[in-house]
Amino acid sequence: MSTEEKSAAPRSLAEALRVRDDVSLAALLRSRPDLITPVPTDLTQLATRAGTRASVVRALERLDRFALQTAEALAVAPDPASYGELLGLMAGDEEDPAVAAALPRAAALLREQALVWGADDRLRLVRTARELLAPSPQHPSPTGLGPTVREATAGMSPGRIQEILAAVGLPSTHDSVSAVSALGGLFADRRRMAALLAGLPAESREVLDRLVWGPPYGQVTHDPAAHLRALLDRGLLLPTAPGTVVLPREVALHLRAGRAHRAPEPVPPPVEAAATHRPQVVDATAAGQALAALATVDELLKEWDEGGPSVLRAGGLSVRDLKRTAVALDVPEPVAAFWVELAYGAGLIASDGEADERYAATPAYDEWRELPPAERWARLAGTWLTATRTPGVVGGRDAKDRTLSALGPNLDRSAAPEVRHRVLALLAGLPEGASPVAESVLARLRWERPLRGPQQQRETGTGEARDDDLRSRIARWTLSEAELLGVTGRGALAAPGRALIGAPEPPRPATTDGAGEPEGPGDKLPVHHHRTPPVTAPPSPAERAAATATAARLLAPLFPEPLDHVLLQADLTAVAPGPLEQELADVLGVLADVESKGGATVYRFTPGSVRRALDAGRSAAELHAFLARHSRTPVPQPLTYLIDDVARRHGRLRVGAASAYVRCDDDATLDEILADKRAAGLGLRRLAPTVLAAQADPAALLEGLRAIGFAPAAESAAGDVLIARADSHRTPPRAAPEPVPDGPPAPDDTLLAAAIRAVRAGDLASTTPRKPGPAGEDGGEDGAPGGTLPRTGAAETLATMQAAVLTGEALWIGYVNAEGAASQRVIAPIRVEGGFVTAYDHTADEVRTYPLHRVTGVAELADDAG
């Protein structure tokens with residue numbers, strides 16, 4: 001490209017991209033990763049892809065509110081528009097200083113994302129964006145503006161246009177084009193328009209005031225009133241259809257003092273602090289909640305240890321099973337859905353894949369339980385932060401009006417990880433220990449990603465808070481889920497949560513006493529971020545692992561040391577005054593039932609719980625020794641009697657598989673069973689003095705006998721007692737569900753560098769001047785780039801290649817790969833032999849070997865090729 005061409009204004013988006021440096025191209029591809037999926041062959045293809053409807057819609061949806069307002073203003077500005085015209089539409093005649101200060105950033109952002117191109121005196125919105133944002137009767141503009149005078153009078157008769165000119169005092173013209181231009185010039189002239197409006201009756205001004213901020217359309221009868229007739233005669237309202245009139249854009253802009261928007265929002269709304277707490281209190285509260293979260297997940301998994309609820313045919317939990325889980329965890333159903341989904345996302349529960357498909361713990365659960373508590377929490381928190389499955393939608397309806405169930409399909413919301421991370425980042429921007437006003441967080445998120453389409457049209461011009469969009473709901477769920485999980489404490493971001501998102505830890509001032517700052521309502525401490533968060537590549541697995549490790553390291557000192565003892569009481573309860581060591585908690589969880597949780601956990605011993613411990617292979621002597629070893633109080637006599645009494649009766653009856661049988665050395669016990677009417681449903685009959693046969697299966701027989709007061713034990717075919725361990729049922733190894741990406745993933749630096757190098761090389765191949773061949777065989781007119789691939793015969797191709805090896809010149813070739821994909825390349829041949837050419841490929845920036853039979857043709861580069 002010559003110096004003159006470089007200095008000339010770009011005539012297309014492709015030319016505008018061609019003069020960008022690699023840093024600017026990298027910023028474009030990072031913010032719009034769909035443009036390199038797959039990597040375009042050259043900059044012309046990149047520009048074409050950047051102008052497709054799907055890509056432009058995606059880019060517009062990721063603009064902040066002020067940048068989107070700037071794009072909307074350009075859509076109603078002349079094409080092209082100068083920066084001064086854009087500033088007038090955004091700042092108005094009063095020249096709002098805040099808008100004027102923020103507009104360069106917004107314009108630069110639109111240009112960076114290839115939504116706007118051209119110099120400041122000729123700004124152009126890409127055609128697809130203009131089509132999406134420009135006003136039309138079917139799709140009103142968010143600005144509330146209507147069509148221009150030229151657009152509104154397109155079907156009007158020339159005689160009617162001349163009548164309007166006469167009514168406003170303009171001289172008649174010979175053609176409609178100049179007449180419309182004169183009328184548009186009058187409406188755009190502030191002084192003359194003020195004089196025209198001053199002559200209108202008050203009722204006419206009221207009509208204009210109702211239409212000025214949109215919608216600009218109104219209805220009139222076939223015989224309008226005098227005040228409406230005055231507007232129609234002067235062209236201040238123009239007919240668009242029978243009975244419908246519109247306020248021309250130029251008139252509306254005059255009435256708005258030049259502003260395209262009623263309320264420009266150049267500065268993001270601040271996130272306000274609702275209350276402030278000492279950081280130590282926040283961290284301690286979050287640590288306590290994190291410990292409770294681990295206990296809740298552990299309780300859930302133990303509940304499902306031996307096989308949980310059945311899997312619905314369509315997948316997921318039934319409403320009844322979710323209710324049972326909520327009762328077991330003593331939480332509301334939405335909270336139970338959160339814990340179930342969290343365990344599922346972490347790979348701790350899954351379907352067992354059996355014929356009677358049920359949910360159960362996975363082998364990963366056993367590995368997770370062996371980790372230190374802080375690392376277990378970090379794994380759960382990291383899973384929550386990156387998961388696209390959104391438990392908040394459980395109980396709602398999908399597109400086919402089916403109920404969304406926990407663990408079922410269609411729960412993925414690709415925006416969830418980004419919203420969670422952004423909410424926590426906004427909390428990290430508050431002063432340490434400050435909890436936010438929830439509505440201010442939602443308002444900030446709406447500014448950073450405003451709604452588009454029908455939902456946006458329902459918003460008020462002042463941008464007041466709304467809560468019917470998915471991102472706002474995810475944000476609300478994030479605030480509550482972060483508190484449940486211990487990422488926040490008392491609403492403020494805790495130190496482990498700050499580390500989890502990679503935010504720097506703020507310095508803490510040294511305090512001279514333990515009181516610190518008093519807690520209470522904050523002074524509405526704002527956080528001003530005058531820029532939207534930069535688009536960066538997602539953290540790598542190594543970076544995520546480092547963040548979770550740091551979070552675990554910060555959390556570990558906040559956890560109390562696990563206890564190796566409990567306090568036994570005479571009412572058959574045990575009190576754990578804090579978290580217990582894992583082995584003690586496991587044994588106690590089998591030997592007793594949890595009665596209440598909180599700062600101290602209360603366990604209750606019952607005949608059923610003691611029998612459960614005996615079924616798990618413990619003997620009465622082992623249970624006595626265990627309690628004596630771990631109790632800080634003497635073992636109460638009632639508990640000793642309970643264990644001995646259950647152990648004395650345990651296993652006297654044996655149940656095995658016939659369909660099932662019962663055997664007992666004491667035939668009087670069998671007589672007692674047969675005489676009990678409650679055992680009638682088991683189908684028992686005596687086979688021998690010490691053996692009963694049953695029609696029920698062994699599991700049902702065990703439960704039936706236990707229900708009527710006996711304590712049977714299961715036995716194997718060899719007659720050995722079967723040990724029922726708590727971890728007896730596990731699914732096969734299962735992978736945790738993968739998050740569903742929100743479009744193409746953001747490229748890392750390595751991919752960006754490779755993509756830019758390939759696009760630059762492809763553009764070089766497609767734009768490098770070539771020497772004209774005979775009859776235009778170079779594929780373009782006069783050797784110009786473009787056209788088809790070069791076409792030459794095999795002999796000419798070989799001769800040109802061999803000559804280039806001797807001279808060291810570069811060539812332009814067409815090449816078709818094994819898949820049939822054609823491309824243009826600039827190569828410098830090094831060696832030609834055996835039907836192959838080895839050359840330095842400028843397109844790929846490496847030495848490659850190509851079969852000559854796949855080269856469609858060759859052309860020499862022009863002498864001035866740059």
Side-chain angles (χ1 to χ4, degrees), residues 293-366 368-369 380 383-384 387-398 402-412 481 484-485 586 589-590 593-594 597 608-609 612 615-616 696-700 702-704 706-707 724-737:
L294 294 180
T296 302
V297 173
D298 209 30
E299 184 179 353
L300 169 67
L301 271 296
K302 287 180 180 178
E303 189 75 20
W304 291 8
D305 246 352
E306 299 181 21
S310 299
V311 181
L312 292 175
R313 182 178 303 176
L317 282 180
S318 67
V319 174
R320 180 178 57 187
D321 286 329
L322 181 60
K323 288 181 178 179
R324 289 175 177 172
T325 302
V327 171
L329 298 180
D330 193 23
V331 295
E333 289 176 37
V335 177
F338 167 71
W339 293 120
V340 168
E341 282 289 339
L342 182 63
Y344 175 67
L348 306 182
I349 57 175
S351 166
D352 59 9
E354 302 286 342
D356 179 21
E357 200 172 11
R358 309 181 75 84
Y359 288 106
T362 66
Y365 169 56
D366 300 311
W368 178 76
R369 294 188 74 236
L380 293 178
T383 296
W384 167 76
T388 54
R389 290 185 64 85
T390 311
V393 302
V394 170
R397 315 292 291 187
D398 64 9
R402 295 173 300 193
T403 302
L404 295 170
S405 58
L407 301 183
N410 303 323
L411 293 189
D412 287 286
E481 291 168 0
L484 283 173
L485 199 51
D586 290 344
V590 176
D593 298 323
V594 176
K597 296 177 290 185
S609 68
R612 188 170 62 228
D615 286 344
D697 61 78
L702 278 169
E703 291 301 320
R706 287 171 177 170
R725 298 194 181 276
D727 57 353
S728 59
H729 186 65
R730 290 290 182 270
T731 70
R734 295 281 193 261

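Values below: every heavy atom of this structure, side chains too, minus hydrogens, waters and symmetry copies.
Heavy atoms only, all atoms of each residue included: Arg389 and Gly408 are closest at NH2-O, 2.8 Å. Of all heavy-atom pairs spanning Val297 and Ala343, the tightest one is CG1-CB, 4.5 Å. Closest heavy-atom contact between Trp339 and Ala293: CH2-CB, 3.4 Å. Summarising the geometry of Val340 relative to Ile349, their closest heavy-atom pair is O-CD1, 3.7 Å, with the distance given to 0.1 Å. Contact between Pro409 and Ala314 at its shortest, heavy atoms only, is CD-O, 3.5 Å. Considering every non-hydrogen atom in both Thr362 and Arg734, the closest pair reads CG2-CB, 4.3 Å.
Glu299 meets the side chain to side chain contact (heavy atoms under 4.5 Å, CB included) test with Leu329, Lys597; sequence neighbours excluded.
When side chains are defined from C-beta on, Leu301 does not count as touching Arg369, because their heavy atoms never get closer than 4.5 Å. Contact check for Thr325 versus Glu303: no side-chain heavy atoms found under the 4.5 Å cut-off. Contact check for Thr383 versus Tyr344: no side-chain heavy atoms found under the 4.5 Å cut-off. Contact of the Glu357 side chain with the Asp352 side chain is registered, since non-hydrogen atoms from C-beta on lie closer than 4.5 Å. Contact annotation: the side chain of Asp321 never approaches that of Leu312 to less than 4.5 Å [non-hydrogen atoms, C-beta and beyond]. Contact check for Thr296 versus Leu484: no side-chain heavy atoms found under the 4.5 Å cut-off.
In Arg397, the CZ atom is crowded: over 12 heavy atoms of neighbouring residues, nucleotides or ligands sit closer than 6.0 Å. Shown here is Asp330, whose CG atom has no more than 12 heavy atoms of other residues, nucleotides or ligands within 6.0 Å.
Note that CZ of Phe338 and CD of Glu481 are 5.0 Å apart. Values are rounded to the nearest 0.5 Å. Here the straight-line distance linking atom CG of Leu342 with atom CG of Leu485 works out to 6.0 Å at 0.5 Å rounding. Note: Asn410 CG to Thr403 OG1 = 12.0 Å, rounded to the nearest 0.5 Å. From Asp586, atom CG reaches atom CG of Asp298 across 7.5 Å, with rounding to the nearest 0.5 Å. Here OG of Ser310 is found 8.5 Å from CZ of Arg320. Values are rounded to the nearest 0.5 Å.
Put simply, the side chain of Glu341 gets close to the backbone of Leu407: a donor and an acceptor are under 3.5 Å apart.
A donor atom on one side chain and an acceptor atom on the other are not found under 3.5 Å apart for Arg358 and Ser351.
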message: I'd like to know whether Val394 forms a side-chain contact (heavy atoms from CB on, under 4.5 Å) with Leu322, so could you lay out the CA-CA distance, the side-chain angles of the two residues, the decisive distance to 0.1 Å, and finally the verdict.
response: CA-CA 10 Å; Val394 170; Leu322 181 60; 4.3 Å; yes

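Taking the charged nitrogens against the carboxylate oxygens, Arg612 and Asp615 have no contact shorter than 4.0 Å, which rules out a salt bridge.
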